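Each chain gets a letter, A, B and so on, in the order its sequence line appears, and its residues count up from 1. Predicted model, so just to flag it, every value in this text is computed and none were measured.
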Amino acid sequence: MFEKVLIANRGEIALRINRACKEMGIATVAIHSTADSDAMHVRLADESVCIGPPQAAQSYLNIPAIVSACEITGADAIHPGYGFLSENAHFIEILDEHQIKFIGPKAEHIRLMGDKIAAKKAVKSLGIPTVPGSDGAVETDEEATRLAKEMGYPVLVKASAGGGGRGMKLARAQDELSIALATARSEALAAFGDDAVYLEKYLEQPRHVEIQIIADGFGKVLHLGERDCSLQRRHQKVWEEAPSPALNVAAREKIGKTVTDALAKLGYLGVGTVEFLYEDGEFYFIEMNTRLQVEHPVTELITGLDLVREQIRIAAGSPLDFEQDDVTIAGHAIECRINAENPFTFQPSPGLITDFHAPGGLGVRMDSAAYSGYRIPPYYDSLVGKLIVHGKSRNECLMRLRRALDELVVGGIETTIPLFQELISQPDIIDGDYNIHWLENYLAKRESDPR
Amino acid sequence: MSDDKGAKASKKRPNIDPDFVRELAGLLEETGLTEIEVEETGTRVRVARQGVPIAPPVSAPPPAQSEPTDLQAPASGTVVTSPMVGTVFLGPSPGAPPFVKQGDSINDGQTIVIVEAMKTMNQVPTTASGRVVEIFVRDGQPIEFGEPLMRID
């Protein structure tokens, strides 16, 4: 087992990793920029190293500084959290050279799943259902036009180097295709340095359903159920829940088996999430995230597992000590991402949190690094914290969420708490009857017809 | 007052009321003043304490130039900080004399330490010219971004 883990991240996830390490008796090192010197995890970790100025490129993405921090503290492993360097294959290779263990998947799988065209080809050949589309990159407009006609409009032009909702352009009809192709290519080149694009059929009203998997170094791959993350704004998840209101036990078991069989063939290691669009009872692969995800707590609450702990154990060479039959889904969990933004315009609101009170009680979990007197820096994401609640049923969960939202206090800045307080009263949300367009439709309607 | 025109007429004697003087003396005691002077047409009376030095209040001595502590005003000069994370070395190689010693005069751009990171040696130049007043680091110690290296004045 590792003696000392360096946490290569910040904010709530750095605190999350610190907590798991501490519970395992592992010493921790917090690395931070000058803007994060007062961060909670920096105070709680056993050691801290300031690695650079506020800008992420010179701090949290600064590979030499992070490796150097490992060297001077003697850390034998790094946990990358999510975002930043968590899916940077080059980073893993450098750590390998320095005999520092990376707590995460293998570099080859991170690289594979980071290339969306290659990922789609790979999972398709492993038996995972994919969205109908071009078989690889489209080179010419003629090729695209022919394919789109075969698939049927509307079609999405997607950047191969994109992902996470970025680098997608919609063409509703043939006359929109050329423009969609051109803008997608130029934006992809600018944002990702690669203008390769592929086509996919556009699904009208799908849900976003993702499967959490976990794999040890001994060939065992298990799934831990699904999460429904359909409520999104500009492709950013806002509310996640498990299990999905749309799936039953049979559907879950079927897709779970498909995914675990595929990843076992791949020889995957660590945790990962296979993301699907789900429509009319059919699953369509969109991408795989080869890291721990923001919304992992909802899975933890329904399965009783500590995913960060399992990540660390797997990276240290331990086998998973449970089987698929031991994984039980109990009750229901919902997570709300609380951001430092205006709840309806989403204007960022960094600044001083004058009062912070996290709700508590049975089935309430607040994953946040905020505290009274903490100043949210403007250089990073706007996540204040995640409020996750668990209940024996979805209804109990909703009641508990309403209560917890009313108890949560984040004073001094604007947050999205009021948005969630509104959402939990909406009939569609209460019924679990929503898709990936629901939230944006709701916000648009609200703006044009404020009550 | 008696009008003693006869034998005293030749001496110019002021018209002093001893009770008035005693009153002034009493006031002096009561108020703690050092001196009281009263003037009426033609007559001025001044009463003063004996043996009290009349000097301006002694002010606190100006603060001496001392080593900076958290409670005092910041010392002068520039603190050069580390631009990277790693291990700091005061000389170019083990056993070699250090780049600079306390008291040395140095110029902007002159190498003052080496920070070793990932097996590469990075020369760190001073960001100020002047005299090396204080060296905050030990040879071979770990160093973080922004950590003070030396004070140059």
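- In this structure, the portion of A:Ile94 lying under 4.5 Å from any heavy atom of chain B is its side chain and not its backbone.
- Of the listed residues (B:Gly86, B:Ser82, B:Pro83), the one with the most heavy-atom contacts under 4.5 Å to chain A is B:Gly86.
- Other residues, nucleotides and ligands contribute only 12 or fewer heavy atoms inside 6.0 Å of the NE2 atom of A:His90.
- The CD atom of A:Glu71 sits 6.0 Å away from atom CD of B:Glu116, with the distance rounded to the nearest 0.5 Å.
- Summarising the local packing, CD of A:Glu93 is surrounded by more than 12 heavy atoms from other residues, nucleotides or ligands at distances under 6.0 Å.
- B:Val85 and A:Ile51 make their closest contact through CG2-CA, 3.5 Å (heavy atoms, listed as atom of the first residue, atom of the second, distance).
- With rounding to the nearest 0.5 Å, the separation of CE in B:Met84 from CG in A:Asn62 is 9.0 Å.
- Around atom OH of A:Tyr82, more than 12 heavy atoms belonging to other residues, nucleotides or ligands sit under 6.0 Å away.
- With values rounded to the nearest 0.5 angstrom, A:Glu97 atom CD is found 7.5 Å from B:Met118 atom CE.
- B:Thr87 and A:Ile72 make their closest contact through OG1-CG2, 3.6 Å (heavy atoms, listed as atom of the first residue, atom of the second, distance).
- The main-chain N or O of B:Ala117 is never found under 3.5 Å from a side-chain atom of A:Ser68 such that the two would form a donor-acceptor pair.
- When side chains are defined from C-beta on, A:Ser33 does not count as touching B:Phe145, because their heavy atoms never get closer than 4.5 Å.
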